Amino acid sequence: MRTGTTIQLLGATVTCFPLAAAYGGLHLPLTLPALGSLAWLAIVNSIGALMLLFVLLRRSSGGAATSLLYLVPPVTALLAVPLLGQPVTTSIFLGMAVSAVGVTLVLVKRKVRRPAR
């Protein structure tokens with residue numbers, strides 16, 4: 001897992017660093033919120049997410065592991081309520097239900113009946 005994560009992060013760095021230098025600059029304000037955001041993005045979103053994906057891929061199929069990505073929008077919508085003060089609407093619950101049903105259909109293992117010989 002460490003090797004795969006390292007290779008992916010190095011590939012992203014080689015690709016993104018020149019583009020960032022050419023178009024947006026590499027200046028980072030040395031404030032606590034900026035450094036905290038950078039640490040969160042680097043550790044949790046990059047390294048942690050890739051490690052979690054690799055663990056899921058070892059335990060299940062690729063389809064089952066990536067189907068969990070459909071749960072990101074519903075979880076984000078729920079987190080937006082306390083963090084951003086957004087209201088919960090009917091469409092949010094409808095979207096959550098659709099996502100939950102889809103992920104459940106992928107993750108539930110069906111017993112396949114084999115015909116008798």
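When a residue number appears, it is its place in the shown sequence, counting from 1. Nothing here was measured: the structure is a model prediction, and the numbers come from that model.
When side chains are defined from C-beta on, Q86 does not count as touching I92, because their heavy atoms never get closer than 4.5 Å. Looking only at side-chain heavy atoms (C-beta outward), L68 and V106 stay at 4.5 Å or farther from each other. Within the 4.5 Å cutoff, the side chain of L26 has heavy atoms near those of the F17 side chain.
Under a hydrophobic clustering in which Ile, Leu, Val, Met, Phe, Trp and Tyr are joined whenever their side-chain heavy atoms come within less than 4.5 Å, directly or via other members, L71 and L52 fall into the same cluster. Neither I7 nor F54 shares a network with the other; the hydrophobic side chains, linked directly or stepwise wherever heavy atoms of I, L, V, M, F, W or Y lie under 4.5 Å apart, form separate groups for each. V98 and V88 are not part of a single hydrophobic cluster, where members link through side-chain heavy atoms under 4.5 Å apart. A continuous path of ILVMFWY side-chain contacts below 4.5 Å connects L57 to L50, so both sit in one hydrophobic cluster. The cluster map of Ile, Leu, Val, Met, Phe, Trp and Tyr, joined by side-chain heavy atoms under 4.5 Å apart, puts V55 and I47 in the same cluster.
In this structure, OG1 in T66 is found 8.0 Å from CG in L53, a value given to the nearest 0.5 Å. Atom CG of L94 is separated from atom OG1 of T89 by 9.5 Å, given to the nearest 0.5 angstrom. Interatomic distance, S91 OG to M96 CE, rounded to the nearest 0.5 Å: 9.5 Å. Atoms CZ and CG, on F93 and L78 in that order, are 7.0 Å from each other to the nearest 0.5 Å. The distance from atom OG of S60 to atom CG of L107, rounded to the nearest 0.5 Å, is 7.5 Å. We find the OG1-CD distance between T6 and Q8 to be 9.5 Å, quoted to the nearest 0.5 Å.
Nearest heavy-atom pair, P29 versus A34, reported as atom, atom and distance to 0.1 Å: O-CB, 3.3 Å. Considering every non-hydrogen atom in both S67 and A64, the closest pair reads OG-O, 2.7 Å.
By the 6.0 Å contact criterion, CD1 on I43 is open, its count of non-hydrogen atoms from other residues, nucleotides or ligands being 12 or less.
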